Protein chains: 2
Amino acid sequence: MTDTARGTSHRYGTRPTMKDVAARAGVGLKTVSRVVNGEPGVTPDTERRVQEAITALGFRRNDSARILRKGRTASIGLVLEDLADPFYGPLSRAVEEVARSHGALLINGSSAEDPAREQELVLALCARRVDGLVVIPAGDDHRYLEPEIAAGVATVFVDRPAGRIDADVVLSDNFGGARDAVAHLIAHGHRRIGFIGDQPRIHTARERLRGYRTAMAAAGLPVDDSWVSLGSTAPERVRAAAAAMLDAPEPVTALFAGNNRVTVTAVRVLRERPHPVALVGFDDFELADLVRPAITVVAQDAAHMGRTAAVQLFRRLDGVDETPRRMEIPTRLIPRGSGEIRPYEG
Amino acid sequence: MTDTARGTSHRYGTRPTMKDVAARAGVGLKTVSRVVNGEPGVTPDTERRVQEAITALGFRRNDSARILRKGRTASIGLVLEDLADPFYGPLSRAVEEVARSHGALLINGSSAEDPAREQELVLALCARRVDGLVVIPAGDDHRYLEPEIAAGVATVFVDRPAGRIDADVVLSDNFGGARDAVAHLIAHGHRRIGFIGDQPRIHTARERLRGYRTAMAAAGLPVDDSWVSLGSTAPERVRAAAAAMLDAPEPVTALFAGNNRVTVTAVRVLRERPHPVALVGFDDFELADLVRPAITVVAQDAAHMGRTAAVQLFRRLDGVDETPRRMEIPTRLIPRGSGEIRPYEG
DNA sequence: CCCCCAGTTGACAACGTTGTCTAGAGGCTA
DNA sequence: TAGCCTCTAGACAACGTTGTCAACTGGGGG
């Protein structure tokens, strides 16, 4: 690249301030402030002069200064795992929608499942003095938030509970959803059912496993250790896990996939198999009904979760002072075909 | 400790400031500032005392004040259409990634395809004094941005060009991609090909239509008016448009879908049809390879677009002063089956 | 005629931070 | 010992806005 042009250009333009507008309109600073904020006590004539000066100079109020003065920022922070994950799109959008309806902006960032990065992001948002936070936790210790919460930053956790602090949280009914899914498979005749889930340090993974075990136990079915595989959701690992369960001497006849990434890989794996294997996935995904067989899933309502969290956040910001709440959003079993396949009897 | 509720209520405000820290540490205000910002010129002993006071009080620098003082905010704004659209997830994430690598936060909002809302959002971001903007335009007149750009707010448009102002823009090769897609269908023997696209006021829709027409013309094929349908991408409309083309006396034998929403609806429609119809979609989508037949698409690289835009934005912020650039990201035709179906001869 | 009141308007001091400048405290050299 | 330098530290004035309060206007009532 050539040398960057120095000096001359519009380097960070001096933007006009209220003082400039005031000078141009021949009024006092405070009068400009009044006009800009639509406060009463300005004659139509003065207002017109000020408005003219504003447009002439291209003035735009500096919200940084305003925020500094007023204390509140009218913005909330959203920290999630990965914006590219389709689960978070609707959630994020729902939060934004609510924020918007309260006149607040949304600042967000992705933690990439890294607790250190989550903390870094959250604290950066606090330094910006966001009024509140919606956090999808990556870490399991949120005590670093205590001073912030004490200072009045409302915080709501979503999808996974906060670690070692007491705060509002919005969860899916992971346990119930998983139990229902597995019971559904059992009701269709399966007795050997495999579970492939996320890393056990993740709360939802543990809850779904618990649901799986509970459903099996409730039906009086044993669970062989080799039927349960928790770990990374990377395709290779899921592939290997599924293969192991399906190639065993007594193979599983159905799979319960712990989240949408696992489900998708499972679909690919099962497609290559000679015999039909039943499949239920946790998390719905677009096009689940287009695949053949269409995929039976336990659907979470991400938008509902986001909306609930944001509403609760603004309740807190409005001064509602109650003990932290745990809100659970129900899941819904959507039978589409893959979960209704009967056990293949070799 | 499930019991929170400190009687010494936390009603907003009274966060410790540098002044408080200074008082507690028995040093001057500026010394605290130095410690907080890691500036040199503080003895280890003094620094220790200050650090202690900081932790004891739970001090966190107020970035609003810092921003006001320094002028730059280390944040950029991203305005897109709809976070819930899977196309924007990876794009948004890529922008965030680059921002992060430059130490900047990302503030974002959705325009919901509403030009007024886009403008409102953009100006709100400017009032926050974001350093730069990445905008996926909803409107077609961006002159309202002129004062902002003149004042030094770097702006890069993505996916669609800016309206009536001259600015950096990152586009997909919509024309070339569409032309290739249709040429692909023609190469597989099709002579009557339908195009269902988005509203013609949208730049990408027009470009893709142009690609369609160009490919047809290049092959010496006529285009019947009834084969082209632009408008809302709502399923009902797409359904009706497809039905009309397929039920005509001389039905089309292939469809070219103008974006992923159209493609998905088209898949559903074609599934119900007695005869096979070829289909190529613009935009890739997850699972396109799981459907049977798998869907041939023209893939855009959303992450690449986001990254390119963000990189250009930070180049501008670093002072690079060149005439606005138009960057085109190539598309890629991915044959998967649905686009290789031969014309059905009744 | 004076007083009071309502309606406008602007001077001024915050808000919490950082840049600039100056004051001391030592240490070193001549 | 004087002179000079380096290093640490703090006083003070911005940054652009809003809340407070006081000053002015003109009109109406006593």
Side-chain angles (χ1 to χ4, degrees), chain A residues 12-51 53-54 57-75 124 126-131 151-152, chain B residues 12-51 53-54 57-75 124 126-131 151-152:
Chain A
Y12 205 52
T14 42
R15 296 188 70 123
T17 71
M18 286 191 178
K19 201 169 128 192
D20 301 323
V21 175
R24 167 136 187 165
V27 301
L29 175 55
K30 180 68 211 204
T31 301
V32 177
S33 171
R34 274 193 265 264
V35 171
V36 169
N37 296 295
E39 289 169 23
V42 181
T43 57
D45 181 59
T46 312
E47 169 156 8
R48 189 186 45 70
R49 291 217 315 286
V50 172
Q51 285 293 8
I54 287 177
L57 295 174
F59 167 81
R60 191 96 53 208
R61 181 180 62 197
N62 184 332
D63 275 0
S64 295
R66 169 169 230 251
I67 286 165
L68 174 59
R69 187 64 234 261
K70 301 197 76 123
R72 289 255 161 157
T73 61
S75 56
C126 288
R128 293 290 172 111
R129 295 294 187 270
V130 293
D131 296 334
Chain B
Y12 196 65
T14 56
R15 288 189 76 121
T17 71
M18 285 191 179
K19 202 169 128 192
D20 302 322
V21 175
R24 167 135 188 166
V27 302
L29 175 55
K30 180 66 209 203
T31 301
V32 177
S33 172
R34 274 192 265 265
V35 171
V36 169
N37 295 295
E39 288 169 24
V42 181
T43 56
D45 181 60
T46 311
E47 169 156 7
R48 190 186 44 71
R49 290 219 315 286
V50 172
Q51 285 293 8
I54 287 177
L57 295 174
F59 167 80
R60 191 96 54 209
R61 180 180 64 198
N62 184 332
D63 275 0
S64 294
R66 170 170 230 254
I67 286 165
L68 173 59
R69 187 63 233 256
K70 301 197 76 124
R72 290 258 159 152
T73 61
S75 57
C126 289
R128 294 290 173 110
R129 294 295 188 269
V130 293
D131 297 333

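None of these values were measured; they are calculated from a predicted model. Just so we're on the same page: letters track the sequence lines, and every chain starts at 1.
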Trainee: Return the set of residues passing salt bridge (Lys or Arg N to Asp or Glu O under 4.0 Å) with A:Arg49 (not counting sequence neighbours), or none when no residue passes.
Mentor: A:Asp45
Trainee: Test of understanding: with side chain to side chain donor-acceptor pair (under 3.5 Å), list the residues that count as partners of B:Arg60, not counting sequence neighbours.
Mentor: A:Glu148
Trainee: Between protein and nucleic acid, restricted to nucleotides 4-9 of chain C and to nitrogen or oxygen atoms under 3.5 Å apart, what atom pairs and distances do you find?
Mentor:
residue, atom, partner, partner atom, Å
C:dT9, OP1, A:Thr43, OG1, 3.3
C:dT9, OP1, A:Thr46, OG1, 2.7
C:dT9, OP2, A:Thr43, N, 3.0
C:dT9, OP2, A:Thr46, OG1, 3.4

Trainee: List the residues meeting side chain to side chain contact (heavy atoms under 4.5 Å, CB included) with B:Thr17, not counting sequence neighbours, and say none if there are none.
Mentor: B:Lys19, B:Asp20
Trainee: Write down the distance between CD (B:Glu39) and C1' (C:dT20), rounded to a whole number of angstrom.
Mentor: 12 Å
Trainee: Could you pull out all residues at least two apart from B:Arg69 that satisfy side chain to side chain contact (heavy atoms under 4.5 Å, CB included)?
Mentor: none
Trainee: Assign A:Thr17 to base, sugar-phosphate, or nothing according to its heavy-atom contacts below 4.0 angstrom with the strands shown.
Mentor: sugar-phosphate
Trainee: With sequence neighbours left out, write down each residue that passes side chain to side chain contact (heavy atoms under 4.5 Å, CB included) with A:Arg66, or none if nothing qualifies.
Mentor: A:Asn37, A:Arg61, A:Asp63, A:Lys70
Trainee: Taking all atoms of both residues into account, what is the closest heavy-atom pair of B:Val42 and B:Thr31, and its distance?
Mentor: CG1-CG2, 4.4 Å
Trainee: Base, sugar-phosphate, or nothing for B:Ile67, non-hydrogen atoms under 4.0 angstrom?
Mentor: nothing
Trainee: Checking the side chain of A:Thr73 only, and the main-chain atoms of A:Ile67 only, is there a donor and an acceptor separated by less than 3.5 Å?
Mentor: no
Trainee: Excluding sequence neighbours, so at least two apart, what forms side chain to side chain contact (heavy atoms under 4.5 Å, CB included) with B:Ala74?
Mentor: A:Arg128
Trainee: Nearest whole Å is fine: how far is C:dT22 P from B:Lys30 NZ?
Mentor: 15 Å
Trainee: Roughly how far, to the nearest 0.5 Å, is CD1 of B:Ile54 from CE of B:Met18?
Mentor: 7.5 Å
Trainee: Taking the side chain as everything from C-beta on, heavy atoms only, tell me whether A:Arg15 gets closer than 4.5 Å to A:Asn62.
Mentor: no
Trainee: What range of DNA chain D does chain B touch, first nucleotide to last, counting atoms under 4.0 Å from its heavy atoms?
Mentor: D:dT8 to D:dG16
Trainee: Identify whether any heavy atom of A:Asp63 sits under 4.0 Å from a base atom; if not, whether one sits that close to sugar-phosphate; answer base, sugar-phosphate or nothing.
Mentor: nothing
Trainee: With axes from five pairs an end, tell me the bend angle of the helix from C:dC1-D:dG30 to C:dA30-D:dT1, nearest 10°.
Mentor: 60°
Trainee: Which residue pairs pass the salt bridge (Lys or Arg N to Asp or Glu O under 4.0 Å) test when at least one of the two sits in residues 21-42 of chain B, sequence neighbours left out?
Mentor: none
